[in-house]
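Lettering follows sequence order; numbering is per chain, from 1.
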There are 4 protein chains.
Amino acid sequence: MIEGINNVGGTNGQLLALLERYEHLEAEKQTIADDQKELIAEVTSSGFEGPIFRKLLKIRKDPEKFAEEAAKLNLYMADVGMQVSLDFGGAS
Amino acid sequence: MIEGINNVGGTNGQLLALLERYEHLEAEKQTIADDQKELIAEVTSSGFEGPIFRKLLKIRKDPEKFAEEAAKLNLYMADVGMQVSLDFGGAS
Amino acid sequence: MIEGINNVGGTNGQLLALLERYEHLEAEKQTIADDQKELIAEVTSSGFEGPIFRKLLKIRKDPEKFAEEAAKLNLYMADVGMQVSLDFGGAS
Amino acid sequence: MIEGINNVGGTNGQLLALLERYEHLEAEKQTIADDQKELIAEVTSSGFEGPIFRKLLKIRKDPEKFAEEAAKLNLYMADVGMQVSLDFGGAS
DNA sequence: TGATCTCGGCA
DNA sequence: TGCCGAGATCA
C-alpha cells in the first residue's frame, strides 16, 4: 500500500500513537505543576509572598544577568532624575 | 562636554524625552483598547458570545490560512478516527 | 552578634529550602518538556505538521467544547456571509 | 424566499457592523504600535538598550510598587544569603 | 523563526 | 481572583 503525502487518507495508527505519547508526557508535567502549586501555597502560608518568591526564582536562574540589568537600570534611572541607589556587590 | 558610552552619566534629557513620547503613544493605545472593551460589551448585550466573536475576528484576518488549517485538521481527525466533516467551499 | 551559618541576616533557611524544592520540580518539568520537543520533531519528520498536531491535542482535551464552538462559529460566519459548511456528527 | 442583500442566511447585518467597528479600532491601535516600534529603534540607535528602556517604562507606571517589591526582594535575598544592597530613597 | 514571557479575557 | 490563551519580544 502506498501512503499519500503527509499520510493523507492513512490510518496506520502512527498519528494516534504520537498523540498518546505526547498526552502521557503532558499528564506527567501536570502532576508536577500541581505539586508546584501546592508548594506556592506553602510558601504563602509560611509568610512569604508568592510574586516575590517567583522573582527570586527567576533571579537565581541567572544572577549575573540580573546584576547587570539592575546596574544598567540604575544608570537609566539616574539619567531621568529618579532617586535610587541600587548596588550589587556581586551576585554570589 | 564628552558623553560616555551609552550616555553613561549623561543628563541631556534625551532618554526622558523618549520615555515621554512612548508613554504618550501608550495612552492613545489605551484609549482605543477601552473603546474595544466597550464594543465587546455591546457585542454581548446583542446576544453574541465574546469568545466566538473574537475567533471570527481572527479568521477574518486571514481567511485563507483558516481554511487551509481546517482542511488539514479534518484529515488528521479522520486519521485518528474522529467523526467529522469540515468543508470550506472557499473562504470568500 | 553572630548569625547562623549560611543564613546571614536570615531566619532559618526555610525560604532557601522552599526555593530548592521548587527548582527541583522545575527541573523535572523541563526534562519532560524536552521530551515533548523531541516528540514534536518526530511528528514533523513523520510528515505531520506541528501546529496542526497541537490543535488536535487541544481538541482531544475537550472534543465537546470544540464541537459546540465550531457550530456557533458556523452560524456567525453564515451571518456575515462567509461561505462555509462545518459539520460535526458528534465528537466521538 | 429572498434573503436580504449581503446577509445570506443572516439576520440583519448587526454582527458584520460590530466586526467592522472592532477591526477599525484594531487598525488604529496597530498604527500606534508601529510608531512605538519605530521609537524603540530610535532608542536603540541613541545608545540605549530596548529591554532596559522597557523596564524603566514599567517602573514609571507605578514607582511605588516597584520600590516596595525591590525592598521585599532585598529582604528575601538576604534571607538566602545573596549579597546585595538595594536601596531606594523613595520613588520620586 | 522559535521559545519565552507578560498581559488581558474568562470562569 | 487564579488560570489560560494569545500577542509581543528577545535570541
Side-chain angles (χ1 to χ4, degrees), chain A residues 26 29-30 32-41 43-44 49-51 53-55 57-59 61-62 64-66 68-69 72, chain B residues 22 25-26 29-44 48-62 65-66 69, chain C residues 26 29-41 43-44 49-51 53-59 61-62 65-66 68-69 72-73, chain D residues 22-23 25-27 29-41 43-44 48-59 61-62 65-66 69:
Chain A
E26 195 64 27
K29 271 209 319 189
Q30 190 56 46
I32 298 171
D34 291 343
D35 289 344
Q36 287 181 319
K37 191 175 176 181
E38 289 180 30
L39 198 153
I40 292 289
V43 164
T44 301
E49 296 182 25
F53 182 83
R54 290 179 186 280
K55 277 181 186 289
L57 283 167
K58 191 174 177 181
I59 291 169
K61 273 194 206 169
D62 195 341
E64 197 164 296
K65 179 184 174 187
F66 171 71
E68 289 176 12
E69 289 190 353
K72 289 174 186 170
Chain B
Y22 195 98
L25 291 171
E26 194 65 26
K29 272 208 318 188
Q30 190 56 48
T31 299
I32 298 171
D34 291 343
D35 289 345
Q36 286 181 320
K37 192 173 178 180
E38 289 180 30
L39 199 154
I40 291 290
E42 188 177 342
V43 164
T44 301
F48 300 105
E49 296 181 26
I52 310 296
F53 182 83
R54 291 179 186 280
K55 278 182 184 290
L56 191 45
L57 282 168
K58 190 174 179 182
I59 291 169
R60 283 166 59 93
K61 274 194 207 170
D62 195 341
K65 179 184 174 187
F66 171 72
E69 289 190 354
Chain C
E26 194 64 27
K29 269 207 323 189
Q30 191 55 48
T31 299
I32 298 172
D34 291 343
D35 289 345
Q36 286 181 321
K37 192 174 177 180
E38 289 179 31
L39 199 153
I40 291 291
V43 164
T44 301
E49 296 182 25
F53 182 83
R54 291 179 186 280
K55 279 182 184 290
L56 191 45
L57 282 167
K58 189 175 175 183
I59 291 169
K61 274 194 204 170
D62 195 341
K65 177 184 175 187
F66 171 72
E68 289 176 13
E69 288 191 353
K72 288 175 186 170
L73 190 56
Chain D
Y22 194 98
E23 286 162 352
L25 292 171
E26 195 64 27
K29 272 207 318 189
Q30 191 55 49
T31 299
I32 299 172
D34 290 343
D35 290 344
Q36 287 180 319
K37 192 174 178 179
E38 288 180 29
L39 199 153
I40 292 290
V43 165
T44 301
F48 301 104
E49 295 181 26
I52 310 297
F53 182 83
R54 290 179 187 281
K55 278 182 184 289
L56 191 45
L57 283 168
K58 190 173 178 182
I59 291 169
K61 274 193 205 170
D62 196 340
K65 178 184 175 188
F66 171 72
E69 289 190 354

Enquirer: Side-chain N or O of Lys37(D) less than 4.0 angstrom from OP1 or OP2 on dG7(F)?
Expert: no
Enquirer: Using whole Å, report how far CD of Glu38(B) lies from P of dG8(E).
Expert: 17 Å
Enquirer: Glu49(D) has an atom CD; how far is it from atom P of dA11(F), in whole Å?
Expert: 9 Å
Enquirer: Using only side-chain N and O atoms of Arg54(D), determine if any of them is under 4.0 Å from OP1 or OP2 of dA8(F).
Expert: no
Enquirer: Pick base, sugar-phosphate or nothing for Lys58(C), based on heavy-atom distances below 4.0 Å to the nucleic acid.
Expert: sugar-phosphate
Enquirer: Mind checking the NZ-CD spacing from Lys37(C) to Gln30(C)? Nearest 0.5 Å is all I need.
Expert: 9.0 Å
Enquirer: Nearest-nucleotide wise, let me know which of Pro51(B) and Gln30(C) is further upstream toward the 5' end of DNA chain E.
Expert: Gln30(C)
Enquirer: Starting at CD1 of Ile32(D) and ending at P of dG7(F), how long is that distance when rounded to a whole Å?
Expert: 18 Å
Enquirer: Could you tell me the separation between the NZ atom of Lys55(C) and the C1' atom of dG5(F), rounded to a whole number of Å?
Expert: 12 Å
Enquirer: Side chain of Lys61(A): nearest nucleotide among dA6(F), dG9(E), dC5(E)?
Expert: dC5(E)
Enquirer: Atom OG1 in Thr31(D), atom CD in Gln36(D): separation rounded to 0.5 Å?
Expert: 11.5 Å
Enquirer: Send over the distance from Phe53(B) CZ to dC10(E) C1', rounded to a whole Å.
Expert: 16 Å
Enquirer: Just the rounded figure in Å: distance from P of dT4(E) to CD of Glu26(C).
Expert: 10 Å
Enquirer: Starting at CG of Leu56(B) and ending at C1' of dA6(F), how long is that distance when rounded to a whole Å?
Expert: 17 Å
Enquirer: Roughly how far, to the nearest 0.5 Å, is the CG atom of Asp34(B) from the CG atom of Leu39(B)?
Expert: 12.5 Å
Enquirer: Roughly how many Å is it from CG in Asp34(B) to P in dG9(E), rounded to a whole number?
Expert: 10 Å
Enquirer: How long is the span from the NZ atom in Lys55(B) to the CZ atom in Phe66(B), to the nearest 0.5 Å?
Expert: 9.0 Å
